[in-house]
2 protein chains.
Amino acid sequence: MRILLIEDDESLADGITTALRHQGHAVDHAGTGREGIALALAARPDLIILDLGLPDQDGIETLGVLRHRGVDSTVMILTARDQLSAKVQGLDAGADDYLTKPFAVDELLARLRALERRSGASRSAEIQVGNVVINTASHEVLLNGEAVKLSRREFSLLRALAERPGHILSREQLEDKLYSWGEEVASNTVDVHIHNLRKKIYPEFIQTIRGVGYKLGPGR
Amino acid sequence: MRILLIEDDESLADGITTALRHQGHAVDHAGTGREGIALALAARPDLIILDLGLPDQDGIETLGVLRHRGVDSTVMILTARDQLSAKVQGLDAGADDYLTKPFAVDELLARLRALERRSGASRSAEIQVGNVVINTASHEVLLNGEAVKLSRREFSLLRALAERPGHILSREQLEDKLYSWGEEVASNTVDVHIHNLRKKIYPEFIQTIRGVGYKLGPGR
DNA sequence: GGGGAAATTAAGGCAAACTTAAGATTCCGG
DNA sequence: CCGGAATCTTAAGTTTGCCTTAATTTCCCC
């Protein structure tokens, strides 16, 4: 998943970024509302995490601008515990969820998974496609009940495809989900990971649409 | 919206019920998990508010049973502030959101609006012409329910014609749809692809208007 | 029956995708 | 903080499938 973090506190931002990357997400970071808007328009993230206590402009205002410009990404706002009215405003201004500071990173991650699901197909942390079960919380993948060991990138790739089984994702779209701004790849990395995934699962599970991209197929 | 509240604390339940009804929602109330499951199956609510601290059975378990029985309503769970692991479990078990107790009723209402807004959209990417179904998302084409394997150009051609069934498109117009500027083609390519399409589907599906172009015909 | 339009056919060429392996990088335990 | 293991990226070589071309045949309308 591609995530944009708009947060001025450097150390907090670093912590969140690291945790998210560890989960296999592509993370872009903006330190101000203005910068955040620019990045949101350029990178088209799946999710935006927005701190309401920004220095250059009000967080709510930033959110308003984003929605006005047609950014329809899911938005989670971060706010201080006692700012109830701000939370309510935020939700009504187009945020999808909020988290009160301070929070545990595990909680943030769990919330993200919930949000991810709300817009996607599956209702629980498990996505099933054919005889393959993908657990987005534990990062476990089962093929006919047996565990398959995947690396981080392999898992991210599989998750991206599994969010909408049957839907085709181009190489470019897949790269966008895996790599943040500034760490783009310039090779056939995606091809290679797809190849390795096919070896670990089974070849027909991931189908190639020549000239278009890849999609998950039906069970064998 | 039809809402099911599963909450054992009578006075809290009364307060929430009143507030929700005030907003124009239909509210059912269950005091136990067992009762909640029965009501969920009977009433098919749009939203379920589930307290994790239930007397007769664990709230997480209740949620599991609901999802297992195919209840796909949006679920918001209520939990005590310090029960982090419970929240995380709940979200991963298929809840869409949670709220920590104690909370202000305004906050609950704002959350509901956010949830409501999210569950809209998603239009189908399918075009149907006669007994042929064209799925633009998966590039799948079904003839009487059976998959027909098309190449990229064949698919583009078919989609172009299917966008306006019955309308006549000239070769030139079709070429414009298939080829971007700078890669024009100088032969009877379109004819050839049309021919191959007819072989894969059935000849009468694509009709020739002599001297003008092609159009999609009615089912066989 | 004649001429132009459309259909048919087959083959060569080319770009997309696959495979492999080596070098770079990251991760993790001590 | 270091060294080995796992993983990731790059790039080159190979394979594959498709697209285009063009020559030939069939069809339709005047």
Side-chain angles (χ1 to χ4, degrees), chain A residues 14 17-27 139 141 148-161 168-180 182-217, chain B residues 139 141 148-158 160-161 168-180 182-215 217:
Chain A
D14 277 1
T17 301
T18 305
L20 291 175
R21 293 222 169 116
H22 226 85
Q23 297 287 313
H25 299 298
V27 184
H139 281 206
V141 174
V148 179
K149 195 173 167 245
L150 299 186
S151 74
R152 184 138 57 96
R153 291 257 127 102
E154 286 162 3
F155 183 83
S156 298
L157 206 49
L158 184 60
R159 174 176 52 196
L161 288 167
I168 302 172
L169 290 175
S170 68
R171 284 177 179 66
E172 200 182 59
Q173 288 175 310
L174 290 170
E175 280 175 15
D176 283 348
K177 303 250 178 200
L178 298 196
Y179 303 98
S180 320
E183 50 167 24
E184 290 85 358
V185 287
S187 72
N188 61 345
T189 316
V190 170
D191 294 47
V192 175
H193 286 308
I194 290 281
H195 176 239
N196 292 330
L197 272 172
R198 281 174 171 157
K199 268 201 297 199
K200 291 186 179 181
I201 304 175
Y202 55 89
E204 307 80 31
F205 185 62
I206 301 173
Q207 294 177 2
T208 305
I209 315 300
R210 188 164 250 258
V212 186
Y214 296 103
K215 71 170 184 180
L216 290 197
Chain B
H139 273 218
V141 174
V148 179
K149 197 170 168 245
L150 299 185
S151 76
R152 179 154 63 116
R153 293 260 127 102
E154 286 161 4
F155 184 85
S156 305
L157 204 50
L158 182 60
L161 288 166
I168 303 170
L169 289 173
S170 68
R171 269 163 245 270
E172 200 181 286
Q173 288 175 311
L174 290 170
E175 279 176 17
D176 285 348
K177 299 251 181 197
L178 297 200
Y179 304 98
S180 51
E183 52 168 18
E184 289 83 359
V185 75
S187 73
N188 61 343
T189 316
V190 170
D191 293 49
V192 174
H193 287 309
I194 289 282
H195 174 241
N196 291 330
L197 271 172
R198 281 174 171 157
K199 266 201 298 198
K200 291 185 179 181
I201 304 176
Y202 54 89
E204 308 80 34
F205 185 62
I206 301 172
Q207 295 176 1
T208 305
I209 314 300
R210 187 162 251 259
V212 186
Y214 298 100
K215 70 166 188 177

Inset, instruction - Between protein and nucleotides 23-30 of chain D, map the contacts as a letter string: B base, S sugar-phosphate only, - none, heavy atoms under 4.0 Å, written 5' to 3'. - result: B---BS--

What's the closest nucleotide to the [X] side chain, out of [options]?
X: B/S187; options: D/dC19, D/dT10, D/dT21; answer: D/dT21
X: B/T208; options: C/dA6, C/dT19, D/dC8; answer: C/dA6
X: A/H195; options: C/dT20, D/dT7, D/dT9; answer: C/dT20
X: A/D191; options: D/dT7, C/dA17, D/dT10; answer: C/dA17

Inset, instruction - Describe, as an angle rounded to 10 degrees, how the axis at the first end of the helix from C/dG1-D/dC30 to C/dG30-D/dC1 is tilted relative to the axis at the last end, five pairs per end. - result: 50°

Interatomic distance, [X] [atom1] vs [N] [atom2] [rounded to whole Å]:
X: A/N196; N: D/dA6; atom1: CG; atom2: C1'; value: 13 Å
X: B/K199; N: C/dA6; atom1: NZ; atom2: P; value: 20 Å
X: B/H193; N: C/dT9; atom1: NE2; atom2: P; value: 16 Å

Inset, instruction - Mind checking side-chain contact (heavy atoms from CB on, under 4.5 Å) for A/Q173 and listing every partner two or more places apart, or none if nothing turns up? - result: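 A/Q173: side-chain contact (heavy atoms from CB on, under 4.5 Å) contacts with A/L169, A/S170.
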
Inset, instruction - Could you tell me whether a side-chain N or O of A/S156 sits under 3.5 Å from a main-chain N or O of A/G24, the two making a donor and an acceptor? - result: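 Looks like yes, one N/O pair under 3.5 Å.
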
I'd like a table of atom pairs between the protein and nucleotides 10-14 of chain C - only N or O on both sides, under 3.5 Å - with the distance next to each one.
none

Inset, instruction - Answer yes or no: does a side-chain N or O of A/R198 lie under 4.0 Å from OP1 or OP2 of C/dT19? - result: no

Inset, instruction - Return no unless some side-chain N or O of B/S151 is found under 4.0 Å from OP1 or OP2 of D/dG17. - result: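 Result: no.
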
Output one line per pair: protein atom, nucleotide atom from nucleotides 25-30 of chain C, and distance, for all N/O pairs under 3.5 Å.
residue, atom, partner, partner atom, Å
C/dC27, OP1, A/R152, NH2, 3.0

Legend entry - Pairwise salt bridge (Lys or Arg N to Asp or Glu O under 4.0 Å) hits with a residue in residues 188-200 of chain B, at least two apart: B/E154-B/K200, B/R171-B/D191

Legend entry - Euclidean distance, A/F155 CZ relative to A/L150 CG, rounded to 0.5 Å: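 The CG atom of A/L150 sits 7.5 Å away from the CZ atom of A/F155.
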
